[in-house]
Amino acid sequence: MRILVTGGAGYIGSHTLLQLLRKPHEVLVLDNFSNSTPEALKRVKQLANADFEICEGDIQDGTRLDTAFRAFRPEAVIHFAGLKAVGDSHETPLEYYAQNVSGSIELLKAMQRHDCRRIVFSSSATVYGEARYLPFDEHHPLQPTNPYGRTKYFIEEIMRDWVASRQDASAVLLRYFNPVGADASGRIGEDPNGIPNNLVPYIAQVAVGRLQHLNVFGDDYDTRDGTGERDYIHVDDLARAHLAAIEFAAAVTGCEAINVGTGRGATVLEMVKAFERASGRAVPCKIGPRRDGDVARMLAAVDKAARLLGWNATHDIDSMCRTTWNWQSANPQGYLQA
Ligand code: NAD
Ligand code: UFG
């Protein structure tokens with residue numbers, strides 16, 4: 001298939017590209033490199049031993065989108081591009097709504113203009129908000145608690161309405177739980193700007209010596225050891241879910257939201273231990289207060305993904321930590337040092 005990949009240079013996009021190219025699918029990447037570097041794409045090309053075009057541009061720019069659609073005539077879109085920091089979204093909500101929501105509308109309009117009818121969208125488990133029950137299944141009420149989460153919720157609704165307005169369109173809204181890990185080669189991985197917000201990149205930077213210790217955000221939650229529990233999903237499994245989703249979208253019409261997780265949770269301290277095992281390095285921890293907005297537990301119901309996509313997660317947390325360490329230790333400064 002010819003697939004336009006927005007945000008393809010980012011963490012999840014680059015891992016998905018690798019698998020798309022190996023299938024092989026034809027891809028065109030559209031990215032403004034606001035949170036990534038062309039180096040990631042260079043490495044994807046080397047790993048896949050395949051070439052593809054890169055269109056530097058913003059999803060809010062309809063003219064740029066027209067150029068890309070005209071030149072490449074994509075049969076489907078995988079839409080990763082967007083801003084993703086929960087904390088920043090409280091500071092600059094309008095930027096989040098502009099890039100994520102308006103950007104997605106521009107993309108759908110371009111798809112409409114160029115008769116492209118299939119889309120797979122990066123949504124997030126954050127759309128569920130506070131758990132009324134666990135695990136979260138796709139029928140759980142949606143009540144996101146931050147502007148970032150609300151952009152995902154609104155985009156989901158917009159895509160649902162767009163699909164409903166047409167006979168022949170399909171959208172798969174993948175609700176990712178906590179993506180971690182890296183390609184086994186250690187050549188591509190997560191390379192956050194500045195001090196990481198998320199647990200596993202933070203632990204990795206402690207292990208490699210860039211940061212002194214991990215601040216554990218609370219140990220008084222109602223979990224096995226008092227620290228927050230999450231459903232971590234290996235980025236390779238997540239990338240595979242996109243391949244399954246794009247094939248599903250090509251075969252059906254309509255809109256489906258689908259969780260992507262393992263159905264198993266790990267606490268902060270369990271992740272620290274797994275990372276110490278994987279790296280052979282100590283990860284010093286300081287227990288501190290809870291982080292505003294955090295919940296005790298997030299866990300995915302995964303039967304819909306198995307039923308509709310024939311997809312299951314295969315990696316455990318040891319593999320997630322091993323591949324993260326592999327990437328971090330080979331690239332202590334991320335892509336910068338290349
Ligand atoms: P990322 O920041 O590494 O990748 C996003 C990519 O999109 C980057 O390459 C960035 O330069 C590009 N981009 C951003 N705004 C753009 C715009 N307006 N026009 C064109 N390109 C733009 O993030 P990621 O972790 O790979 O996440 C990909 C998607 O998955 C995002 O939509 C994110 O919200 C969603 N998601 C991520 C997580 C996570 O924990 N990583 C969890 C749930 C959902
Ligand atoms: N944590 C720490 N110390 C840190 C960072 C995190 O103790 O330095 C803890 C958190 O309190 C939480 C767990 O580690 O218990 C995971 O935190 P992350 O920040 O890695 O992930 P979140 O579950 O908070 O959020 C992530 C993404 C969101 C996405 C959500 C989906 O950041 O964008 O997963 O479940 F929506």
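Whatever order the structure lists them in is the order used to number ligands and atoms, beginning at 1.
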Inset, instruction - Taking the six-membered ring for Trp and the full ring for Phe, Tyr or His, determine whether the centres of Tyr176 and His242 are under 6.0 Å apart. - result: yes
Inset, instruction - Check whether any N or O atom of Tyr176, backbone or side chain, sits under 3.5 Å from an N or O atom of ligand 2, and answer yes or no. - result: no
Inset, instruction - Give the residue, atom name and distance (to 0.1 Å) of the protein heavy atom nearest atom 24 (P) of ligand 1. - result: Lys84 NZ, 3.7 Å
Legend entry - Proximity to ligand 2 by part of Thr227, non-hydrogen separation under 4.0 Å: neither
Inset, instruction - Would you kindly specify which portion of Val268 sits under 4.0 Å from ligand 2, judged on non-hydrogen atoms: side chain, backbone, both or neither? - result: side chain
Inset, instruction - Any chance you could measure Arg322, atom CZ, to His234, atom NE2, to the nearest 0.5 Å? - result: 8.5 Å
Legend entry - Thr126 neighbourhood, listing ligand 2 atoms whose heavy-atom distance to it stays under 4.0 Å: 36 (F)
Inset, instruction - Could you check atom 18 (P) of ligand 2 against the protein and tell me its nearest heavy-atom contact, residue, atom and distance included? - result: Asn198 ND2, 3.5 Å
Inset, instruction - Identify which of Asn215, Leu199, Asn146, Val206 has a heavy atom lying nearest to atom 3 (N) of ligand 2. - result: Asn215
Legend entry - Carboxylate-amine/guanidinium proximity below 4.0 Å for Asp183 and Arg43: no
Legend entry - Ion pair check, Arg230 and Glu270, cut-off under 4.0 Å: no
Legend entry - Protein heavy-atom partner closest to atom 28 (C) of ligand 2 - residue, atom, separation in Å: Val86 CG2, 4.3 Å
Inset, instruction - Using distance alone, decide if ligand 2 has a nitrogen or oxygen within less than 3.5 Å of any nitrogen or oxygen in Asn178. - result: yes
Legend entry - Nearest neighbour in protein (non-hydrogen) for atom 13 (C) of ligand 2: Tyr232 OH, 3.7 Å
Inset, instruction - Could you see which bit of Tyr148 sits under 4.0 Å from ligand 2, with heavy atoms only: side chain, backbone, both or neither? - result: side chain
Legend entry - Distance filter under 4.0 Å to Met298 heavy atoms, resulting ligand 2 atoms: 35 (O)
Legend entry - Contacting atoms of ligand 2, where contact means under 4.0 angstrom from a heavy atom of Asn197: 5 (C), 19 (O)
Legend entry - atom 22 (C) of ligand 1: the protein heavy-atom neighbour that sits closest, reported with distance to 0.1 Å: Asn32 OD1, 3.1 Å
Legend entry - atom 4 (C) of ligand 2: the protein heavy-atom neighbour that sits closest, reported with distance to 0.1 Å: Phe217 CE1, 3.2 Å
Legend entry - Residues Glu75, Arg117: salt bridge by 4.0 Å N-O rule: no
Inset, instruction - Under 4.0 Å from a heavy atom of Val216: give me the atoms of ligand 2 that qualify, with their elements. - result: 7 (O)
Inset, instruction - Considering the heavy atoms of Ser124, write down every atom of ligand 2 situated less than 4.0 Å from one of them. - result: 29 (C), 31 (C), 36 (F)
Legend entry - Distance from atom 23 (O) of ligand 2 to nearest protein heavy atom, with residue and atom: Arg230 NE, 2.6 Å
Legend entry - Contact check, Tyr221 vs ligand 2, heavy-atom distance below 4.0 Å: no
Inset, instruction - Before signing off on this row, confirm whether Glu190 and ligand 1 have an N or O atom pair separated by under 3.5 Å. - result: no
Inset, instruction - Give yes if a backbone or side-chain nitrogen or oxygen of Val295 is under 3.5 Å from a nitrogen or oxygen of ligand 2, and no if not. - result: no
Legend entry - Shortest protein contact, atom 24 (O) of ligand 2 (heavy atom only): Arg291 NH2, 3.0 Å
Inset, instruction - Return the residue, atom name and 0.1 Å-rounded distance of the protein heavy atom closest to atom 31 (C) of ligand 2. - result: Phe177 O, 3.6 Å
Legend entry - The one among Leu83, Asn100, Ile12 that brings a heavy atom closest to atom 37 (C) of ligand 1: Ile12
Inset, instruction - Please work out which of Tyr232, Tyr148, Tyr96, Phe177 has its closest non-hydrogen atom nearest to atom 33 (C) of ligand 1. - result: Tyr148
Legend entry - Salt-bridge contact Asp58-Arg64 (side-chain N to carboxylate O under 4.0 Å): no
Inset, instruction - Using distance alone, determine whether Pro179 and ligand 1 share an N or O pair under 3.5 Å. - result: no
Legend entry - Nearest protein heavy atom with distance in Å, relative to atom 11 (O) of ligand 2: Asp294 OD2, 2.6 Å
Inset, instruction - Before signing off on this row, confirm whether Ala81 and ligand 1 have an N or O atom pair separated by under 3.5 Å. - result: no
